[in-house]
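Worksheet for the structure shown next.
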Amino acid sequence: MRVITFGTFDVFHVGHLRILERARQMGTALIVGISTDELNYSKKGRKPYYDLSERIEIIRALRCVDTVFPEESLELKRYYIENYKANLLVMGDDWTGKFDALNDICKIIYLPRTPSISTTAVIEKIRKP
Ligand code: CTP
């Protein structure tokens, strides 16, 4: 089973690591689409702290990750899944139901997020005086 997942993975934290490790355990290869700076801006209204090339470098270095590529648009998921020959899409449960229309080309599993941590929370905590 070739597994694919997507995300920004800015200011890398343990919630990111856990979903990638769990995704990898569900198959034999893990492919990760990493949001471009522009896509992140359109999704979340802010520029990532680390730019795309740095985020790619970090995710690519993980033992549980086999392939990384830039995700340019949320609308291209079907193309990416077919292009990378993935048969399982894993997403965090903040996306539950959102990608069910892709179930004609792959299986879809939404995994529970790690509680009490996010990029936004880390940035806010560090910024607090
Ligand atoms: N994720 C997770 N547990 C967390 C945070 C993120 O499992 N505590 C998962 C998300 O569900 C997603 C992937 O990690 O599948 C990438 O999430 P991303 O949006 O990049 O990270 P967040 O920490 O949620 O970022 P932000 O605060 O900017 O929304």
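Predicted model, so just to flag it, every value in this text is computed and none were measured. When a ligand or atom number is given, it counts from 1 through the structure's own listing order.
Counting only heavy atoms of the protein, atom 28 (O) of ligand 1 lies nearest to Arg46 NH2, 2.7 Å. For atom 11 (O) of ligand 1, the nearest protein heavy atom (residue, atom name, distance) is Asp94 OD1, 2.8 Å. The closest protein non-hydrogen atom to atom 8 (N) of ligand 1 is Ile117 O, 2.6 Å. In this structure, atom 29 (O) of ligand 1 lies nearest to the protein heavy atom Lys44 NZ, 2.9 Å. Annotation: atom 20 (O) of ligand 1 to nearest protein heavy atom, Phe9 N, 2.9 Å. Looking at atom 15 (O) of ligand 1, its nearest protein heavy atom turns out to be Gly92 N, 3.3 Å. The nearest heavy-atom contact from the protein to atom 21 (O) of ligand 1 is His16 NE2, 2.9 Å.
No donor-acceptor pair closer than 3.5 Å links the side chain of Asp93 to the backbone N or O of Thr96. In this structure, the side chain of Arg78 does not engage the main chain of Glu82 through any donor-acceptor pair within 3.5 Å.
Under a hydrophobic clustering in which Ile, Leu, Val, Met, Phe, Trp and Tyr are joined whenever their side-chain heavy atoms come within less than 4.5 Å, directly or via other members, Leu76 and Phe6 fall into the same cluster. Tyr110 is not connected to Ile19 by any chain of hydrophobic side-chain contacts under 4.5 Å among Ile, Leu, Val, Met, Phe, Trp and Tyr, and they are in different clusters.
Using a 3.5 Å distance cut-off with no hydrogens or angles, the side chains of Thr8 and Asp10 do not pair a donor with an acceptor.
Below 3.5 Å of separation, one finds an N or O of Thr120 facing an N or O of ligand 1. In terms of polar-atom proximity, Thr119 is counted as a contact of ligand 1, with an N or O under 3.5 Å from an N or O of the ligand.
Ring pair His16/His13 is parallel by interplanar angle, where below 30° counts as parallel and above 60° as perpendicular.
Applying the ring pair (Phe, Tyr, Trp, His ring centres under 6.0 Å) rule to Tyr50 yields no partners; only residues at least two apart in sequence or on another chain are considered. Partners of Tyr84 under the ring pair (Phe, Tyr, Trp, His ring centres under 6.0 Å) rule, at least two apart in sequence or in another chain, are Phe69.
Of the candidates Ile19, Val14, Thr8, it is Ile19 that places a heavy atom closest to atom 9 (C) of ligand 1. Comparing heavy-atom distances from atom 3 (N) of ligand 1 across Leu20, Thr114, Asn40 singles out Thr114 as nearest.
With a 4.0 Å heavy-atom cut-off, ligand 1 is reached by the side chain of His13 but not by its N, CA, C or O.
Short contacts between ligand 1 and Arg113, defined as distances under 4.0 Å to a heavy atom of the residue, involve ligand atoms 1 (N), 2 (C), 3 (N), 4 (C), 5 (C), 6 (C), 7 (O), 10 (C), 11 (O), 24 (O).
Of the charged side-chain nitrogens involved, at least one lies within less than 4.0 Å of a carboxylate oxygen, so that Arg55 and Asp37 count as a salt-bridged pair.
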